[in-house]
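Working notes for the structure below.
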Amino acid sequence: MLPKAYEPQEVEKKLAEKWQNAKLFAAKADPNKKPFVIVIPPPNITGALHMGHAFTNTLQDVLIRSHRMFGEDAYWVPGTDHGGIATQNVIEKKLAKEEHKTRHDLGREKFLETVWEWYHECGNAIFEQFRKMGWALDLSDIRFTMDEKRARAVFECFKQWWEKKYIYRGKRLINWCVRCSTALSDIEVEHLPENGKLWHLRYKGEDGSDGIVIATTRPETIYADAAIAVNPKDERYKNMVGKKVIIPLANRAIPIIADEAVELEFGTGALKITPAHDATDYEVGKRHNLPVMTVINDKGKMINCPKKYNGMDRDVCRKETVKDLDAAGLLVKEEKYNHAVSKCYRCGSPIEPFMSEQWFVKMDELAKPVVKAAETEALKFHPDSWKKPFLNWMTNIQDWCISRQIWWGHRIPVWYCRECSKKGLTFATDQQGKEQLTKVSFEDGAQPIVSFEEPAECPHCHGHDLVQDPDVLDTWFSSALWPMSVFGWPEKTPEMAHFYPTSVMVTGYEILYLWVARMVLTGLDFTGKLPFKDVYLNGIVRDKSGQKMSKSKGNVIDPLDMTAKYGTDAVRFSLLMQAVPSKDIPYSEDSITGARNFCNKIYNASRFILMNMEDIKGPLAMPKEAKELADKWILDRYATAIKTAREGIEKYNLALTANTLYHFLWGDFCDWYIELAKQRFQTEEKEYVMALCVNILYNTLKALHPLIPFITEEIAASLRPFVNEKEEFLLNQKYPEFDAALLNADALKQMEIVQGVTKEIRTIRSQFNVPPGLKIKAVISATDEQELSVVNAQAAYIQLMAKVEQLQIGTNLAKPKQTATATFGKIAIYIPLTGLIDFEKEKKRLEKDIAAAKANIASRQARLSQENFIKNAPQAQIDKTKAELAAAQTLLAQAEAALADLA
RNA sequence: GGACAGUUGGCGCAGCGGUAGCGCGUCCGCCUCACACGCGGAAGGUCACAGGUUCAAAUCCUGUACUGUCCACCA
């Protein structure tokens with residue numbers, strides 16, 4: 001005998017291995033089939049996968065498995081991302097913790113070796129998780145954004161964009177992360193609210209006057225001030241424009257200028273202009289030809305400022321400056337100020353606007369076709385509410401800073417001749433005593449040679465002393481090429497020809513600009529084709545109270561813990577039940593129990609059917625005919641469920657698919673059909689009923705397989721002999737087709753009556769505490785001919801489901817004494833319960849019925865008496881309202897009679 | 001400052017023109033020979049607020065409030 005409860009662990013382990021060994025998920029590239037392709041958003045190799053990965057990948061897995069079962073050439077391309085800064089940070093932390101070393105202690109080469117070792121370790125852990133989750137990824141064919149083929153793609157893109165002059169070198173104010181010691185692109189900066197302070201500082205006049213008071217959040221940058229700006233319309237300062245004031249503590253004179261960028265209302269209306277350390281100020285400075293002075297270096301230390309502060313940390317200097325200003329009587333006011341501060345998206349430390357020469361990609365030309373694709377909806381978002389923000393971002397796009405001053409990543413494929421570029425190259429000796437190129441300046445004469453490998457010689461002087469640019473590319477540069485590079489682009493591979501463009505991109509909305517936008521851009525630029533036509537944006541998995549999960553908050557749920565405890569299918573299904581496009585999902589361990597219970601329900605229903613198959617030989621085909629009401633009804637419900645399940649998949653509404661199948665299997669199939677079928681197991685109809693049961697169950701398992709692959713595969717294996725299926729894996733079988741011929745509105749209506757009457761009787765049983773084992777009598781009096789005939793014909797169902805021993809059915813039957821009364825439609829139900837009835841309770845019940853009926857009658861009558869309703873509403877609506885009125889009137893009459901009888 | 005989304009029973013959500021559904025929780029009764037990870041039943045909602053369109057509005061429109069997200073150079 002099988003155990004009572006489903007135990008997923010063994011089953012999942014076995015099947016996960018079996019699927020991989022059978023190469024079930026490998027690329028087929030079948031030219032006769034329509035391809036359905038998803039490239040996985042490659043997880044960073046920064047550690048174990050979290051709930052967000054579990055969610056987005058499960059969605060993709062469902063789509064892939066479904067389309068495979070729809071008969072398409074479905075292929076899900078697996079891979080991981082080297083994750084630039086994020087990964088380098090992880091390794092640096094690890095080094096610090098385990099060996100108390102920095103990356104400089106190791107040197108560039110040794111450090112990179114360490115990261116590669118980590119990649120193999122961490123990568124394997126990730127693939128193991130892929131396998132455990134049952135994701136249909138071929139683990140013997142993994143791509144990595146830093147492997148040889150992907151590196152070729154990166155180079156090709158760089159070269160082409162260089163030749164088209166999209167890639168250029170420029171000196172400008174960029175976002176600098178002091179902690180990660182690298183430049184960042186604009187979208188890698190987060191603007192987070194912070195409880196800061198606003199300091200009002202006095203700049204005395206050069207002529208000894210009181211001068212002007214400015215407001216700033218960054219007093220440590222006063223040493224780099226180039227001017228004070230006021231709005232030209234500002235009457236307060238009109239006559240001060242052109243005069244000079246003295247920077248406090250620095251004792252340097254700067255002019256007061258007028259510029260539109262200054263807000264009249266903010267602070268004092270006077271703004272200090274610090275071109276080197278603020279983006280707005282930089283623009284103002286350019287307009288007024290102001291000098292650019294840098295007082296904070298790339299390490300976040302003060303430079304070029306009064307001696308006292310030189311070498312200080314920028315935040316220490318801030319405190320000291322404020323203290324000294326206060327002492328000098330130049331600190332006018334200090335107020336609390338809540339504002340947004342720019343932070344590094346990888347480490348959270350404050351971003352420093354920093355003057356620096358970097359590599360950029362010019363975006364305006366590249367963006368144009370992307371905008372067009374989104375506007376014409378050749379590129380479609382799900383949900384489409386993302387179209388507008390996407391277009392807004394694309395049309396306001398800034399040039400993309402692609403160089404990073406870190407070690408881990410694709411090295412910029414540019415070389416310099418030490419002779420010809422001499423003046424533009426700065427070298428330093430690292431801790432290993434090796435000379436390293438640390439800084440490249442095109443302004444000072446560095447001449448680039450774009451090449452994948454070290455060029456044999458300098459094209460200018462034929463010298464052989466060449467060095468590579470020290471920077472690496474933004475990690476998103478290689479990600480941007482992912483939908484092409486996974487298929488071997490720029491090579492003209494068969495995979496590229498067959499699988500590109502892909503079908504849908506499934507990912508979180510938080511990387512829509514960082515990643516999705518750039519994939520579309522590269523795809524259109526290099527292939528002229530969109531890399532995918534659909535973008536399905538999934539939500540974020542949050543904790544129970546809607547907070548983002550994070551280690552520091554301690555509210556992280558580890559998917560592997562959950563799968564170990566409840567089974568992978570349960571975890572998957574719990575996520576899918578809430579999978580509405582773009583919607584964040586609150587998640588906790590409680591979310592899983594319902595899904596786990598469902599899996600158990602499937603298991604037990606199957607176990608029950610298998611038990612009853614023991615004396616049946618051989619396969620049973622799906623019966624061609626429905627014999628009785630229950631059969632007609634369940635086939636209708638089944639057909640509808642399959643139709644809706646498919647629609648859910650096609651419309652990316654997997655919550656719809658999950659919920660539909662859940663309720664069909666549990667609510668309809670188990671609670672009603674199997675319960676009704678039980679009595680037929682003792683008759684010669686058994687084989688017929690079992691044929692229906694086993695085929696409906698098997699097909700429902702198929703429909704569920706994309707969502708919960710393990711349990712369905714396991715049970716299907718036991719059922720297979722009975723449904724004459726030879727194929728071993730559900731994935732290779734056909735998804736059930738919707739069959740409109742199975743629809744049966746009449747059966748649906750009849751069954752509704754059976755269920756309604758049954759429920760009324762059950763309620764009475766429950767309310768009067770009739771013991772479950774006690775069979776009762778019931779009198780059913782129906783006035784409507786149709787209803788009467790249904791009750792007459794299906795009396796056996798009602799007797800079975802409501803546990804009624806004697807059922808008396810007729811028209812206008814008198815209410816027996818001492819009964820409980822209920823009404824369904826126009827059907828009166830009397831349950832004689834001599835000795836069991838609690839009169840007070842029954843009175844209350846009836847009074848409640850009466851009140852409800854009265855309210856119903858009033859509202860329907862009101863509506864029917866409206867001339868406009870009769871005139872304008874469709875006939876069906878009028879008929880329906882009339883029927884509802886009649887039913888309510890019947891209920892009222894019956895309840896009132898019963899109440900009178902009670903007294 | 002701009003844009004978008006949400007506001008439905010205790011909690012989490014679905015519904016998106018014909019007077020409310022689901023899961024969890026709560027309460028009551030059941031170890032009914034597949035399942036107590038179960039079965040049956042009950043309680044619980046003026047669908048944020050105010051206008052409007054319509055015969056009819058949770059559902060469409062406008063505005064308000066609150067919540068959240070994204071974008072944006074008010075120091």
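In what follows, chains carry the letters A, B, and so on, assigned in the order in which the sequence lines appear, proteins first and then strands, with residues in each chain numbered from 1.
- A cation-pi arrangement is found for A:R863 relative to A:F869, the charged atom lying closer than 6.0 Å to the ring centre and inside a 45° cone about the ring normal.
- A:R762 comes within contact range of the sugar-phosphate backbone alone, with a heavy-atom separation under 4.0 Å but no base atom that close.
- For A:K272, no side-chain nitrogen or oxygen approaches OP1 or OP2 of B:A75 to under 4.0 Å.
- Look at CG on A:L697: it is 16 Å from P on B:C35, rounded to the nearest Å.
- Nucleotides B:G12 and B:U7, compared at atom C1', are 14 Å apart to the nearest Å.
- OP1 or OP2 of B:C35 has at least one side-chain nitrogen or oxygen of A:K4 nearer than 4.0 Å.
- Along RNA chain B, the nucleotide nearest A:T758 and the nucleotide nearest A:R596 are compared for position; the residue whose nucleotide lies closer to the 5' end is A:R596.
- Residue contacts for A:V770: at a heavy-atom cut-off of 4.0 Å it reaches no nucleic acid atom on any strand shown.
- A:D671 comes within 4.0 angstrom of the backbone, heavy atoms only, and of no base.
- Heavy atoms of A:K871 sit nowhere under 4.0 angstrom from any nucleic acid atom.
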Does A:K565 form a salt bridge (charged side-chain N to carboxylate O under 4.0 Å, His left out) with A:E589? I'd like the steps, not just the answer. CA-CA 10 Å; A:K565 199 161 165 188; A:E589 209 167 325; 2.4 Å; yes
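- Expressed to the nearest 0.5 Å, how far CD of A:Q682 lies from CD of A:Q679 amounts to 9.5 Å.
- The side chain of A:Q578 has B:G12 as its nearest neighbour among B:G12, B:C73, B:U32.
- Rounded to a whole Å, the CZ atom of A:F573 is 12 Å from the C1' atom of B:C22.
- Using a 4.0 Å heavy-atom criterion, one finds that A:Q866 contacts the sugar-phosphate atoms exclusively.
- For B:G21 and B:G2, the C1' atoms lie 37 Å apart once the distance is rounded to whole Å.
- Listed nucleotides B:A34, B:A75, B:G12 differ in distance to A:V262; the shortest reach to its side chain belongs to B:A75.
- Neither OP1 nor OP2 of B:C37 sits under 4.0 Å from any side-chain N or O of A:N600.
- Heavy atoms of A:D590 sit nowhere under 4.0 angstrom from any nucleic acid atom.
- For A:H663, counting side-chain heavy atoms from C-beta on, the closest listed nucleotide (B:U69, B:G23, B:A5) is B:G23.
- Here, B:U62 and B:U53 have their C1' atoms 10 Å apart, quoted to the whole Å.
- Neither OP1 nor OP2 of B:U69 sits under 4.0 Å from any side-chain N or O of A:K583.
- The separation between A:N769 atom CG and B:C27 atom P is 17 Å, rounded to whole Å.
- Applying the 4.0 Å criterion to OP1 and OP2 of B:C74, one finds that A:Y337 has every side-chain N and O outside that range.
- Scored by the ring-ring contact (aromatic ring centres under 6.0 Å, His included) test, A:Y652 finds A:H382, A:Y536 as partners (sequence neighbours excluded).
- Salt bridge status for A:D615 with A:K686: present, with a side-chain N to carboxylate O gap under 4.0 Å.
- Among the nucleotides B:A34, B:U69, B:C37, the one closest to any side-chain atom of A:Y509 is B:U69.
- For the pair A:I540 CD1 and B:G68 P, the computed distance is 14 Å after rounding to whole Å.
- In summary, the aromatic rings of A:Y337 and A:F266 are positioned with their centroids under 6.0 Å apart.
- In this structure, A:W386 has its ring center at least 6.0 angstrom away from the ring center of A:F381.
- Looking at which nucleotide of RNA chain B each of A:T216 and A:N396 is closest to, the 5′-most match is held by A:N396.
- A salt bridge is absent between A:E220 and A:R314: the closest approach of a Lys/Arg side-chain nitrogen to an acidic carboxylate oxygen does not fall below 4.0 angstrom.
- Nucleic acid contact for A:W666: sugar-phosphate only, since backbone atoms but no base atoms lie under 4.0 Å from a heavy atom of the residue.
- Contacts of A:Y513 with the nucleic acid, taken as non-hydrogen atoms under 4.0 Å apart, involve only primed sugar atoms and P, OP1 or OP2.
- Among the heavy atoms of the strands lying under 4.0 Å from A:R860 is at least one base atom, whether or not backbone atoms are also near.
- Within the 4.0 angstrom heavy-atom criterion, no nucleotide atom of any strand lies near A:A279.
- The residue A:E675 sits close to a base: some heavy atom pair falls under 4.0 Å.
- Going from the P atom of B:G52 to that of B:G41 covers 43 Å, rounded to whole Å.
- Proximity of A:N597 to the phosphate of B:G38: a side-chain N or O atom is located under 4.0 Å from OP1 or OP2.
- Going from atom NZ of A:K286 over to atom P of B:C73 covers 14 Å, rounded to whole Å.
- Atom NZ of A:K380 has more than 12 heavy atoms from other residues, nucleotides or ligands within 6.0 Å.
- Comparing the C1' positions of B:U32 and B:C39 gives a spacing of 8 Å, expressed to the nearest Å.
- The minimum heavy-atom distance between A:V284 and A:I257, with the atom names listed, is CG1-CD1, 4.0 Å.
- The existence of a salt bridge linking A:E842 and A:R845 is confirmed by a sub-4.0 Å separation between a basic side-chain nitrogen and an acidic carboxylate oxygen.
- For the pair A:D186 CG and B:C70 P, the computed distance is 17 Å after rounding to whole Å.
- The separation between A:I764 atom CD1 and B:C28 atom C1' is 17 Å, rounded to whole Å.
- Between B:A20 and B:A58, the distance separating the two C1' atoms is 8 Å to the nearest Å.
- Rounded to whole Å, the C1' atom of B:G1 lies 33 Å from the corresponding atom of B:C13.
- With P as the reference atom, B:G6 and B:G17 are 14 Å apart, rounded to whole Å.
- Looking at heavy-atom distances under 4.0 Å, A:K880 makes contact with sugar-phosphate atoms alone, never a base.
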Dot-bracket notation for RNA chain B is requested: 5' to 3', Watson-Crick or G-U wobble pairs only, both distances under 3.5 Å, with ( ), [ ], | and . as defined. ((((((((.[[[[.)..(..]]]].(((((.......))))).....[[[[[..)....]]]]])))))))....
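- Nearest nucleotide to the side chain of A:T763, out of B:A42, B:G18, B:A75: B:A42.
- Using a 4.0 Å heavy-atom distance criterion, A:Q767 is classed as a sugar-phosphate-only contact.
- Contacts of A:P353 with the nucleic acid, taken as non-hydrogen atoms under 4.0 Å apart, are absent.
- Nearest nucleotide to the side chain of A:A873, out of B:C4, B:C55, B:G12: B:C55.
- Side-chain nitrogen and oxygen atoms of A:S606 include none within less than 4.0 Å of the OP1 or OP2 phosphate oxygen of B:A34.
- Taking atom CZ on A:F598 and atom P on B:G38, their separation rounds to 12 Å, with Å as the unit.
- The side chain of A:F869 lies closest to B:G18, out of B:G12, B:G18, B:C28.
- The pair A:E884-A:R860 meets the salt-bridge criterion, since a charged nitrogen lies less than 4.0 angstrom from a carboxylate oxygen.
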